[in-house]
Amino acid sequence: MTRPWRWLMGLAAGAAVYIGLPYLLVQRGGLGIVTRGDPAGRRVALTFDDGPDPRSTPLVLDTLRAASVRATFFILPTLGRQHPELLRRLLDEGHEVLPHAHRHRHAWTLLPWVAFRDPGLATREVEGLTGTRPRFQRPPHGAYSLATVLGQRASGVTGVHWTVEARDWAPDATPDTVRAAVQRQMTPGGIIVLHDAGPGARTTPAALPGILADLHSRGFEVVPLRDLRGARPGTLRDVWRTLRGR
């Protein structure tokens, strides 16, 4: 084998370990991260990413307050510092505030040492803003590299994924399609991901009242992640069942 081919084979092997395995085992299989709660219960967790944003987060909060629902918000610490009144409202109204990222970038586009440091930086920043040490973190796009996994472990936080993705961020999304997607995918113990900022905030505030009404009519209790019974990091057995579609 010539030297260029050896170099390419080595590069491919490195990419498989750094990106391929975390994608398959963690992002798809749920190894070591929380993907759902107890499927025998009636609780579901409602989570929001990317905020807070003064244009859209208050609309989400108004709807949650009217429905007496508390949720989990994975925030960008920079936005939390820029909008302290919104952060204060999140906490005062009983919502769970957790770290999303120090830099909102897909894990695969970050240099390894940057990806490793990001969970820890975001976690410490959110702790400084809220006064509470976070237990969980959700990286942007739910994407993992080996550095992301190791960075979460080093920071003492557990990754969180979802079972219901309404694609509120899609260019063709509407409040009706977002609501229908949640209704179609919802199962007991599920974790819903929506957005209170960014592209998803174009549709989510308008869809949220209907989503909450649908969940209530089906007998689901909507809770923040901290109150989701049976939520635990996935094991290799869970990965095997998930990848087999069971």
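Using a 4.5 Å heavy-atom threshold, the side chains of V160 and T47 count as separate. Between I33 and Y144, the closest side-chain pair of non-hydrogen atoms falls below 4.5 Å. Between L21 and L146 there is no side-chain heavy-atom pair separated by less than 4.5 Å. A 4.5 Å side-chain heavy-atom check between R70 and E96 finds every atom pair outside the cut-off.
Side chain of R36 to backbone of V44: no donor-acceptor contact under 3.5 angstrom is found. The backbone N or O of A170 sits less than 3.5 Å from a side-chain atom of R202, completing a donor-acceptor pair. Put simply, the side chain of W162 never gets that close to the backbone of T35: no donor and acceptor are under 3.5 Å apart. Side-chain atoms of T57 never come within 3.5 Å of backbone atoms of G51 as a donor-acceptor pair (strictly under, hydrogens ignored). Panel note: side chain R226, backbone R135; no donor-acceptor pair is recorded below 3.5 Å. Side chain of S155 to backbone of G151: a donor-acceptor contact under 3.5 angstrom is found. Looking only at distances, a side-chain donor or acceptor of T163 sits under 3.5 Å from a matching main-chain atom of I191. Remark: side-chain polar atoms of R81 are not paired, donor with acceptor, to backbone N or O of L129 under 3.5 angstrom. Judged by distance alone, the side chain of E127 and the main-chain N or O of T132 form no donor-acceptor pair under 3.5 Å. Between the side chain of H102 and the backbone N or O of A122 there is no donor-acceptor pair closer than 3.5 Å.
Between the CD1 atom of I192 and the CE atom of M186 there is a distance of 4.5 Å, given to the nearest 0.5 Å. Remark: L46 CG to L225 CG distance equals 11.0 Å, nearest 0.5 Å. Between the OG1 atom of T78 and the CD atom of E125 there is a distance of 6.0 Å, given to the nearest 0.5 Å. D118 CG to Q152 CD: the interatomic distance, rounded to the nearest 0.5 Å, is 10.0 Å. Within the model, atoms CZ of R153 and CZ of F116 stand 12.0 Å from one another, a figure rounded to the nearest 0.5 Å. Distance check, rounded to the nearest 0.5 Å: CG of D196 to CG of D50 gives 7.5 Å.
Annotation: R229, atom CZ; neighbour count of heavy atoms from other residues, nucleotides and ligands within 6.0 Å does not exceed 12. When the shell of 6.0 Å around CZ of R117 is examined, it contains 12 or fewer heavy atoms from other residues, nucleotides or ligands. The number of heavy-atom neighbours closer than 6.0 Å to CZ of R28, taken from other residues, nucleotides and ligands shown, is 12 or below. Counting non-hydrogen atoms of neighbouring residues, nucleotides and ligands closer than 6.0 angstrom, the NE2 atom of H216 reaches no more than 12 such neighbours. Few gaps surround CZ on R89; more than 12 heavy atoms of other groups in view lie less than 6.0 Å from it. Counting heavy-atom neighbours within 6.0 Å of R55 CZ, excluding the residue itself, gives a total of 12 or less.
Looking at R65 and D62, a side-chain N of the basic residue comes within less than 4.0 Å of a carboxylate O on the acidic one, giving a salt bridge.
In the hydrophobic clustering of ILVMFWY residues, with side-chain heavy atoms under 4.5 Å counting as a link, V182 and V193 come out apart.
For H104 and H141, the gap between ring centers is short of 6.0 Å.
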Exercise for the section: Would you please test D176 and R179 for salt bridge (charged side-chain N to carboxylate O under 4.0 Å, His left out) and show each step? Expected result: CA-CA 5 Å; D176 288 339; R179 179 178 178 179; 5.8 Å; no
Problem - Step-by-step side-chain contact (heavy atoms from CB on, under 4.5 Å) determination, R138 to L98 - result: CA-CA 8 Å; R138 174 184 286 154; L98 296 174; over 6 Å; no
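A donor-acceptor pair shorter than 3.5 Å cannot be found between the side chains of D214 and S217. If you check the side chains of D168 and T203, you find no donor sitting under 3.5 Å from an acceptor.
Ring geometry for F48 against F73 counts as parallel: the plane angle stays under 30°, on a 0 to 90° scale with 60° as the upper cut.
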